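Right, one structure below, let's go through it.
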Amino acid sequence: MTMRPHMRVSAEVADALDAGGPIVALESTIISHGFPYPANVECARECERIVREEGAIPATIAVIGGRLAAGLTADEIERLGTTRDTPKASRRDLPLLIARGSDGATTVAGTMAVAAMVGIQVFATGGIGGVHRGAERSFDISADLEELARTSVAVMCAGAKSVLDIGLTLEYLETRGVPVLGYRSDAFPAFYTRDSGFGVDARFETPAEIAAVLRAKWETGLVGGALVANPIPEQYALDPAEIEATISHALADAREGGVRGKQVTPFLLARIHELTGGASESANKELVWSNARLAAQVAVALAEYGPVGTHRHGRHE
Ligand code: PSU
Ligand code: MN
C-alpha cells in the first residue's frame, strides 16, 4: 500500500487494508473531550475490544506527534485520556498540528478525513456535530456535516444531542446529499433518547442491508459519506424531559459565559456531564459501544462483498 507522508498506520491496520479485511475507525475527541478520565480510556479500550469481538480491526485515529495516526498504542490512548488540553482536530486543524509536531484529538470530521486517506470506510462515534441552535446568527455549523458530504466514509452514531437544532441538521444533510439510514428505527435519535421527533430516510433491519446501500453509493461513484443512526439501547435511554432541562441549562451557561467557536461543543459536553452528576456518562458509554458493534458488523458485511470499485483507497475527493 502506498502511504502519504505525515501518516502512520499500525501494522495490523495496514495488514487488514492489504487483505481487504474489515476495519472500523474510532475517533479521539471523545477520549480527550468527551468523557473525564478514566471513563474516557475505558470507553476507548472497550470500543476496540468490541470491534475485535465482531471480527474487525479497530483503528483509533488521532494526531500523534504531528503524524496522522490510524491505530494507536495503549500508551497513546492513555496519553490522550490524561492530557487535559490536547487540541481538538477538525479538518482545518490537521495541517497546523502536523507542522507543529503536536498531538490532536480528531473530531468526526478529522477522523473521517484521515480514515479516507488511509482507505477505511466505516467509522463509529457517539454523536455527530451539527447545526447549533441559533446558527442563523452564530453561523455555528459543525464541519462534521461538510465532511459527511465530501468524504466517502460511513458514520455510525446515536444521532445528535439536542444542544443542536436537529431539524436544521437533517435539512443540511439533505441539501448536501448525505443519506441518513435508521438502524432498526424510523426515528432519528437524539443521543440520550431514542427519538428526536424527526425521521430517517429509510429504516434497515440488518448490517448487510446497510452495507448494500453503501456499496451502491460508492460503486456508482457518488461521492461522500452516509450517516447510520443507531438509537441508544432502550435500557440505557435517559428521561427526555430531564435531559432536555439539563441541555437548556448548559446552553444558557454557554451563552452567559460567551463561549464561542470550537470551544462550544466541548463546553456543552462537559457541562452536561457535571449537571447530571455522571448519570449521562454510562448512557454515553453504552451508546458508543453499541455503535462500535454495529460498525464492525457493517464493516464485516462490506468486506464480504469484496473491494468496492476504486473506493477502497478512499480517493473520491
Ligand atoms: N457531540 C457529542 N459528543 C462528542 C462530540 C459531539 O455528543 O464527543 C464531538 C465529536 O468529536 C464531534 C465534535 O465531531 O464534538 C463536533 O465539534 P464541533 O461542534 O465543534 O464541530
Ligand atoms: Mn462549531
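Counting convention: from 1, in listed order, for ligands and their atoms alike. All heavy atoms count here, side chains included; hydrogens, waters and symmetry mates do not. On a predicted model such as this, the values are computed, not experimentally measured, just so you know.
For the pair E78 and R45, the salt-bridge criterion is met [side-chain N within less than 4.0 Å of a carboxylate O].
Screening V131, L148, D201 for a side chain to side chain contact (heavy atoms under 4.5 Å, CB included) with L173, the sole residue that qualifies is L148. Here the options are L268, L269, I243, the test is side chain to side chain contact (heavy atoms under 4.5 Å, CB included), and the partner is K161; only L269 passes.
Residues H6 and R67 are not in side-chain contact: their nearest non-hydrogen atoms beyond the backbone lie 4.5 Å or more apart.
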Exercise answer, ligand 1 polar atom pairs (N/O) under 3.5 angstrom:
from	atom 1	to	atom 2	distance (Å)
ligand 1	7 (O)	K161	NZ	2.5
ligand 1	11 (O)	E27	OE1	2.8
ligand 1	11 (O)	E27	OE2	3.4
ligand 1	14 (O)	V108	N	2.8
ligand 1	14 (O)	D144	OD1	3.2
ligand 1	14 (O)	D144	OD2	2.7
ligand 1	17 (O)	K88	NZ	3.2
ligand 1	19 (O)	T265	OG1	2.6
ligand 1	20 (O)	K88	NZ	2.6
ligand 1	21 (O)	S142	OG	2.6

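Sequence neighbours left out, the pairs with a member in residues 278-292 that pass salt bridge (Lys or Arg N to Asp or Glu O under 4.0 Å) are E42-K285.
The side chain to side chain donor-acceptor pair (under 3.5 Å) test applied to K217 returns no partner, not counting sequence neighbours.
Under a hydrophobic clustering in which Ile, Leu, Val, Met, Phe, Trp and Tyr are joined whenever their side-chain heavy atoms come within less than 4.5 Å, directly or via other members, L26 and V41 fall into different clusters.
Within the protein, the N, O or S atoms sitting under 2.8 Å from the Mn ion (ligand 2) are D140 OD1.
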- Message: Using side-chain hydrogen bond (donor to acceptor under 3.5 Å, both in side chains), reason through Y172 and E146 one step at a time and then give a plain yes or no.
- Response: CA-CA 9 Å; Y172 197 100; E146 276 305 304; 2.7 Å; yes

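The backbone N or O of G71 lies less than 3.5 Å from a partner atom in the side chain of R8, making a donor-acceptor pair.
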